[in-house]
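Working notes, beginning with the structure itself.
Reminder, nothing fancy here: chain letters follow the sequence lines and each chain counts from 1. The model shown is predicted, which means the values in this text are computed figures rather than measured ones.
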Amino acid sequence: MTTSIFDTRHYKYPQNFLEMKPKLTRLEQAIKKLEANLIDTAETKNIKLLKQRLDSGLGLKVDYASELNPDQLMAATTIDGKVLVIAGAGSGKTKTLTYRTSYLLENGVSPKEVLLLTFTRKAANEIKDRAKSLLASSLSNQELSDEELADDKLPTDKALNSITSGTFHSFCNMLLRQYSGLLGINPRFTILDTGDSEDAIDLVHKEKKYPTQTKTQAFPRKKTLQNIISTSRNRRVPIRDLIESSYPDIAVHIPIIEQLAIDFHEYKRANHLYDFDDIISQVVRHLKTNDTFRQRLQNTYRYVMVDEYQDTNIPQKQLIDLICEPDSVSLMVVGDDNQSIYAFRGANYENILLFGETYPNAKLIKLEQNYRSTPSVLNYINALSAQITLGYQKQLYSDAPIAGDKPIFRRLSDETKEASYITDKIVALKPEYDYNDFAVLCRTSFQSNYVQLEFMARNIPFIVVGGIKFIERRHIKDVLAFVKVLYNPNDTIAWHRILTLFKGVGAVTATRLTQAITADNNAFESLLAASFAKKSDQLKPLYHTLTKAQQAETVEAAIEHILEFYIPVLKLIEDNWRERSEDFRVLKNLATEHTSLDSFLENLALDPPNDSVAVMESSDDGQSNDKVTISTIHSAKGLEWPVVFVNSLVDGITPHHRSLDDFEALEEERKLFYVACSRAKTQLYLTAPNYFSSYSGYFDMASRFIAELSADEVTVETVKSPIKKNDDPIWW
DNA sequence: CCCTACTTCGAATCA
DNA sequence: CGAAGTAGGG
């Protein structure tokens with residue numbers, strides 16, 4: 001029994017643990033049940049099983065046995081039934097999925113039967129690309145010429161391209177369009193991003209003129225409304241319950257919000273608009289009610305793989321379950337319950353824990369060999385992992401011969417000192433490393449400010465991950481609105497956006513115009529109608545622009561026409577229109593990659609350029625690419641660096657003060673810290689200022705996540721006592 | 001419909 | 001405390 005570094009009795013732990021008990025018991029039972037079905041590759045019968053599989057696959061091109069460790073091999077070669085793979089941090093998860101994909105194909109599975117679902121398109125492409133090169137390189141003994149390789153003529157290339165792989169959203173989007181006939185829907189719909197949804201909610205709210213609400217409590221903002229409606233759907237919690245538990249102060253408005261949610265939904269259906277939630281939920285609805293559709297999918301996708309399963313929400317789980325319902329459909333979900341950090345956007349960590357309950361015959365495989373971190377770092381993150389209350393048993397291990405340095409915890413007098421400590425370390429280590437090898441991970445983006453300042457002052461090149469996305473910039477959204485009405489003249493949200501650009505046109509006129517257009521069979525001509533003659537100076541040019549853009553040969557040309565019209569408008573509304581216009585170059589560049597409006601719009605919605613504006617610009621100007629990464633912990637998931645700094649380890653920031661009195665929220669914070677630390681390959685520095693103060697309060701205790709561990713795992717370089725002296729009896 | 005005074009609300013982010 | 005967004009009068 002090791003003692004913790006600091007006295008943890010000084011921390012107030014959530015009091016709602018007892019209420020949680022029934023839920024936790026159920027989860028524990030499901031975990032236990034699945035643990036009983038663990039395929040332990042150390043057992044003799046499983047060694048035999050693996051050997052058998054390999055012997056029967058002697059003709060295979062890829063040498064699976066020598067490329068994979070036994071657990072990875074077991075995961076890659078288990079092709080039937082329902083399987084959960086717990087893939088610890090740095091355990092070669094992507095590699096395993098890659099090899100499994102190739103193993104399936106080599107075993108005669110038709111690529112059309114394979115469905116691979118991920119959360120980002122990047123992940124989907126990576127697995128596909130790596131499987132391609134894997135199969136291609138193993139074919140090299142067949143003496144293929146470079147040309148043949150380049151021409152995509154390889155049979156394996158073709159095969160892999162007919163695998164269905166992508167994000168949940170892109171898969172469902174494809175289904176809605178491809179099966180539109182069977183489902184009785186219009187395939188020509190537009191996708192609303194979160195901002196568009198907010199606008200739409202606002203619009204519906206204004207149009208419906210609900211009975212006047214009490215003046216005592218203001219009606220919530222559109223952003224809050226969107227959040228409530230979306231959360232209600234993704235967590236399948238009725239609006240009433242959600243508001244009563246999470247937004248108690250707006251409880252008076254519950255009936256109106258409930259009505260608004262319904263009206264918003266009808267509005268979207270009437271105008272062929274789908275928000276991100278609809279794309280998945282509508283497919284789930286059809287799967288539940290349309291037997292032909294469900295059977296069609298069940299017969300098509302016989303081998304389903306899901307990546308990052310711990311991040312799935314309820315509709316996503318339902319989608320998977322509906323497709324994989326027959327025993328004959330093979331399902332392998334891969335994930336790490338220690339890394340479920342997205343509850344705030346609807347992810348349901350219970351999905352991965354209840355897998356054994358959902359599928360009573362499911363098998364469990366664990367990848368515990370770590371290829372990323374030194375034994376010392378591993379030792380630390382294993383200790384963190386042990387603090388997580390609920391989850392599958394796991395112990396990461398490494399073959400690395402050298403233990404490496406223990407993580408270091410250091411407290412500094414304030415945030416400036418904290419930033420300069422980090423900078424000093426980077427300067428000291430730089431001779432051995434590139435800047436690319438360093439990352440500073442922060443709980444909130446605000447926590448990176450001092451670090452950025454210090455880096456600037458000392459000429460350390462860096463990039464900040466996160467921030468405003470290219471696609472979210474106002475002028476980009478404006479231009480896209482024009483493109484959207486070209487594609488779907490029913491896109492009332494886009495119309496509204498365009499029309500309110502004009503002086504003297506507000507919500508009212510815009511709505512009237514939009515109605516006139518949709519009523520007139522979506523003809524742009526209605527812009528010229530006599531009833532709007534007063535605005536004709538503005539509307540005529542708009543009409544001509546849209547008509548010209550519609551006839552344009554390419555997407556890029558259409559955008560050119562739009563810009564001709566839009567840039568003068570932009571000049572009137574934004575002072576910095578010149579800088580902003582720079583972004584249009586980027587937009588046009590993106591457009592050249594697409595031949596049709598729908599593929600252009602679809603791609604921007606489902607696969608937006610992920611970089612912040614700063615990144616997109618700096619990648620253009622030929623600057624060196626060797627930079628320190630400053631990122632939020634959330635954005636760092638899945639990545640790794642040799643040297644990682646985690647800052648602001650003050651109780652109230654990490655864990656965040658808003659999670660301190662909720663058991664589940666605090667557990668998620670713990671997992672977040674686990675994600676941060678498990679990014680490190682060789683050096684891990686943990687830092688905290690002595691205090692942090694803002695509107696939200698004054699915090700001066702070291703993070704409980706540091707305090708809970710023993711000095712066996714971490715070197716404490718603390719200057720000041722980490723804990724404020726507290727002589728109160730502990731039971732007070 | 002626009003502008004200003006005032007209230008409100010604070011984290012993280014993918015599609 | 002400060003930014004962002006709302007309400008309400010002009």
[atom1] ([X]) with more than 12 external heavy atoms under 6.0 Å:
{"X": "Lys128(A)", "atom1": "NZ", "answer": "yes"}
{"X": "Tyr450(A)", "atom1": "OH", "answer": "no"}
{"X": "Arg285(A)", "atom1": "CZ", "answer": "no"}

Fill in: Residue list, side-chain contact (heavy atoms from CB on, under 4.5 Å) with Asp414(A), at least two apart or on another chain
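Once residues adjacent in sequence are excluded, the partners of Asp414(A) under the side-chain contact (heavy atoms from CB on, under 4.5 Å) criterion are Thr416(A), Lys417(A), Tyr691(A).
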Worksheet item: Want to settle it: does Phe344(A) or Phe276(A) sit nearer the 5' end of DNA chain B, counting the closest nucleotide to each?
Response: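 Nearer the 5' end of the strand: Phe344(A).
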Worksheet item: So which one's nearest nucleotide on DNA chain B is more toward 5', Ala510(A) or Thr632(A)?
Response: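 Closer to the 5' end of DNA chain B: Ala510(A).
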Rounded to whole angstroms, how far apart are [atom1] on [X] and [atom2] on [N]?
{"X": "Leu117(A)", "N": "dA15(B)", "atom1": "CG", "atom2": "P", "answer": "14 Å"}
{"X": "Asn227(A)", "N": "dA12(B)", "atom1": "CG", "atom2": "P", "answer": "13 Å"}
{"X": "Ile250(A)", "N": "dC9(B)", "atom1": "CD1", "atom2": "C1'", "answer": "13 Å"}
{"X": "Ile341(A)", "N": "dT13(B)", "atom1": "CD1", "atom2": "P", "answer": "9 Å"}
{"X": "Lys222(A)", "N": "dT8(B)", "atom1": "NZ", "atom2": "P", "answer": "19 Å"}
{"X": "His205(A)", "N": "dA7(C)", "atom1": "NE2", "atom2": "P", "answer": "8 Å"}
{"X": "Phe699(A)", "N": "dA11(B)", "atom1": "CZ", "atom2": "P", "answer": "12 Å"}
{"X": "Gln226(A)", "N": "dA15(B)", "atom1": "CD", "atom2": "P", "answer": "16 Å"}

May I ask you to say what [X] touches in the nucleic acid, namely base, sugar-phosphate or nothing, with a heavy-atom cut-off under 4.0 Å?
{"X": "Arg121(A)", "result": "sugar-phosphate"}
{"X": "Glu198(A)", "result": "nothing"}
{"X": "Ser659(A)", "result": "nothing"}
{"X": "Tyr695(A)", "result": "base"}

Out of [options], which nucleotide sits closest to the side chain of [X]?
{"X": "Arg345(A)", "options": "dC14(B), dG10(B), dA12(B)", "value": "dC14(B)"}
{"X": "Leu606(A)", "options": "dA15(B), dT13(B), dA11(B)", "value": "dA15(B)"}
{"X": "Thr194(A)", "options": "dA11(B), dA15(B), dT6(C)", "value": "dA15(B)"}

Discussion item. Looking at Ser170(A), I'd like to know whether one of its side-chain N or O atoms comes within less than 4.0 Å of OP1 or OP2 on dA15(B).
Written reply: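 Result: no.
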Discussion item. Can you tell me if Ser694(A) touches the phosphate of dC1(C), counting only side-chain N or O atoms and a distance under 4.0 Å to OP1 or OP2?
Written reply: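 No, Ser694(A) has no side-chain N/O under 4.0 Å of OP1/OP2 on dC1(C).
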Worksheet item: Looking only at atom P, what distance separates dA12(B) and dG5(C), rounded to whole Å?
Response: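 My reading of the P atoms in dA12(B) and dG5(C) gives 15 Å.
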Practice prompt. Quick one: do His634(A) and Phe344(A) satisfy ring pair (Phe, Tyr, Trp, His ring centres under 6.0 Å)? Show the steps, please.
Written response: CA-CA 12 Å; His634(A) 284 93; Phe344(A) 70 87; 5.3 Å; yes
Worksheet entry | Base of dA11(B) and ring of His656(A) stacked, centres under 5.5 Å, planes under 30° |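 Base of dA11(B): stacked against His656(A).
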Fill in: Counterpart residues, side chain to side chain donor-acceptor pair (under 3.5 Å), relative to Asp336(A) (two or more places apart)
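Asp336(A): side chain to side chain donor-acceptor pair (under 3.5 Å) contacts with Gln339(A).
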Discussion item. Can you give me the closest heavy-atom contact between Ala510(A) and Thr500(A), atom names plus distance?
Written reply: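 That would be CB-CG2, 3.8 Å.
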Which atoms of nucleotides 2-4 of chain C (N or O only) lie under 3.5 Å from a protein N or O atom, and what are those distances?
none

Practice prompt. Kindly assign one of parallel, tilted or perpendicular to the pair Phe446(A) and Phe692(A), based on the angle between their ring planes and the thresholds 30° and 60°.
Written response: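 The rings of Phe446(A) and Phe692(A) stand perpendicular, inter-plane angle above 60°.
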